[in-house]
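Only one structure is covered here, and it is reproduced in the block below.
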2 protein chains.
Amino acid sequence: MTDTDLVRQLISRLARLDGDAGRSEGLNPAQSMALEYLARANKFSRQPSHVAEYMGSTRGTISQTLKALREKGLIAEVRSETDRRSVSYELTSRGRTILAQSNALNSAFNELSAKELSQLERSLQVVLNTSLRSNGLKPFGVCKTCTHFAPRTEGGFCNLLSLPLERSETEKLCVENA
Amino acid sequence: MTDTDLVRQLISRLARLDGDAGRSEGLNPAQSMALEYLARANKFSRQPSHVAEYMGSTRGTISQTLKALREKGLIAEVRSETDRRSVSYELTSRGRTILAQSNALNSAFNELSAKELSQLERSLQVVLNTSLRSNGLKPFGVCKTCTHFAPRTEGGFCNLLSLPLERSETEKLCVENA
DNA sequence: TGACATAGTATCGACTCGAAACTATCAGGT
DNA sequence: ACCTGATAGTTTCGAGTCGATACTATGTCA
C-alpha cells in the first residue's frame, strides 16, 4: 500500500460521489460527463468522435450516450453544412438547467483555502497530462493554453484553423489543443 | 466555469483513466474498486454490505459484482462460523497478482515531489471526508486514525470491538472507523 | 413462539462498454 | 467520372453496472 495507491483510491471514491450527484436528475456518470464536456467544448469540438476521445471511449458507446441525452431533451443535434456526415451537439436550455443543478461535491471544496485549491488543481493537472501523454491521448485543454493560440486585445487567434476567437471561446476546451 | 468545476472534471477524468487500467486484466472499474477494497479492508469489513457501503452502492448491485469476481477466481468466499447469514471475502493468490498488475496511473504520480504528493493526498482526503459526512456516508479510514483505536507497543487495541490488533491490521480500512 | 430486523441473493429495465459490422459521405488518384 | 480508401456516425451483441423491488434464510428480542 503506497502513497500513490492511496491517492488513486481517493480519486476513485471522489469521482463516484461526484458522478452520483447527477443521478437525482436522471443522469448516470457517463451522461453527466458528456453533458459537462459539451458545455465546456468550443464549437469545433462537439462532435461524437470528440466526446469519445475526451472520455477515452469509443464512437459506438458515445453514440448511445448522446442518444440518451438527446431523448431526454438535454442536447440538440446540429448538422454541418460543409460535411454531411458530420454532427455536432449543443446544450438545450433544459440541459443547461440540469447541469447547473448537479454539483453536489462543490460545497466540500469550500473546506480548502484558495491556495490549497489552486495547488490541488495544479497537481491533478500534472498527473492527468502525464497519464494522457503516456497513453497517447489528447489533453483537451482550453484555447488560452494552446501552442496554436495567439492573444489579441479582444480574445485571440487560432493559428491552426486560421480563425479569430472571441473571448468566451478562448476559455473553452478544444480537440486540437496541444 | 469555476475552479471547483475544473477540479471536479480533473478528478472524473483521472478516475476514468485509473478505472480503465484494470480492463486489460478483464476487470471493469466497479470490479477493480471492489477488489482493491477487499485487499485493503480488515477482516471485520469484508462482507458484501461493507463493500456496498464503501462504494456507495446497494447490496444487490455489489452481490453481482462479487459474483463476477468469484467466478473469475480472484476472491474466495469465507462463511462466518457464528452467523450463518454472513459471508466474507478474501483475495486468492490470483486476485493479489491481478491487483498488483493494474496500476497504470502510478507512474504519472512520479511527476510530483514527495511534498506535493502528500499535500495532494491531504486535500483530497479533506474534500472526501466532508462530502461523505454531508451525504451521511461512512469514512472507512484505517484503524490507526480511529477514535476507538488505542496504540500499543506492538500494534494496538480496538476499544469498540475489545480486540487486540496486529500491526498490519492497524493499516487496514474498517467499517467502524470514526 | 412470534414479530421484526438483518445478510445476502435474484430479477427487472435502462444503461455502459468494447468490439464488430454496417451506412453514408468525402477525398485522392487515375 | 470512377474507383479506392478513409472518415463520421450508427447499430447490434454480450457481459456487466446500477437502483429498485421482491425474495430467502437466519438471527434477536420480547
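Every value quoted in this text rests on a predicted model; they were computed, and no experiment measured them. Note on naming: letters A, B, ... go to the chains in the order of the sequence lines (proteins, then strands), and numbering restarts at 1 for each one.
Counting non-hydrogen atoms under 4.0 angstrom, B/Arg16 reaches the backbone sugars and phosphates but no base. As judged by a 4.0 angstrom heavy-atom cut-off over every strand, A/Arg84 is placed among residues touching the sugar-phosphate backbone only. Contacts of A/Ser63 with the nucleic acid, taken as non-hydrogen atoms under 4.0 Å apart, include base atoms. Base contact: A/Thr61 has a heavy atom under 4.0 Å from a base atom. Within 4.0 Å (heavy atoms only), B/Ala68 reaches no atom of the nucleic acid at all.
For the OP1/OP2 pair of D/dG19 and a distance below 4.0 Å, the side-chain nitrogens and oxygens of B/Ser57 include at least one atom meeting the criterion. Taking only side-chain nitrogens and oxygens, A/Thr58 never comes nearer than 4.0 Å to OP1 or OP2 of C/dA19. OP1 or OP2 of D/dG9 sits under 4.0 Å from a side-chain N or O of A/Gln47.
Looking at B/Arg40 and B/Glu171, no side-chain N of the basic residue comes within less than 4.0 Å of a carboxylate O on the acidic one, giving no salt bridge.
Rounded to whole Å, the distance from CD on A/Glu53 to P on D/dT7 is 12 Å. As a whole-Å value, the separation of A/Tyr54 OH from C/dC17 C1' is 18 Å. Per the geometry, CG belonging to B/Asn28 stands 14 Å off P belonging to C/dA19, to the nearest Å. For the pair B/Leu69 CG and D/dG16 C1', the interatomic distance rounds to 11 Å; values are reported in whole Å. Atom pair A/Leu35:CG and C/dC15:P shows a separation of 15 Å (rounding to whole Å applied). Taking atom CD of A/Glu25 as the reference point, atom P of C/dC15 lies 16 Å away to the nearest angstrom. The interatomic distance linking B/Asp20 (CG) with C/dC17 (C1') rounds to 9 Å, in whole Å. The distance from atom CE of A/Met55 to atom P of C/dG18 is 9 Å, rounded to the nearest whole Å.
Nearest-nucleotide mapping onto DNA chain D: of A/Arg79 and A/Arg23, the residue sitting toward the 5' end is A/Arg79. Heavy-atom nearest nucleotides on DNA chain C were determined for A/Lys72 and for B/Gln64, and the one closer to the 5' end corresponds to B/Gln64. Mapped onto DNA chain D by nearest heavy atom, A/Ser88 and B/Thr65 fall at different nucleotides, with A/Ser88 at the one closer to the 5' end.
Nearest to the side-chain atoms of A/Arg85 among the listed nucleotides C/dT25, D/dT10, D/dG19 stands C/dT25.
Contact annotation: the side chain of B/Glu90 never approaches that of B/Glu77 to less than 4.5 Å [non-hydrogen atoms, C-beta and beyond]. Side-chain contact check for A/Glu154 versus A/Glu166: every heavy-atom pair is 4.5 Å or farther apart.
Judged by distance alone, the side chains of B/Arg46 and B/Tyr37 never bring a donor and an acceptor atom under 3.5 Å apart.
In this structure, the separation between CG on A/Asn177 and OG1 on A/Thr147 is 7.5 Å, given to the nearest 0.5 Å.
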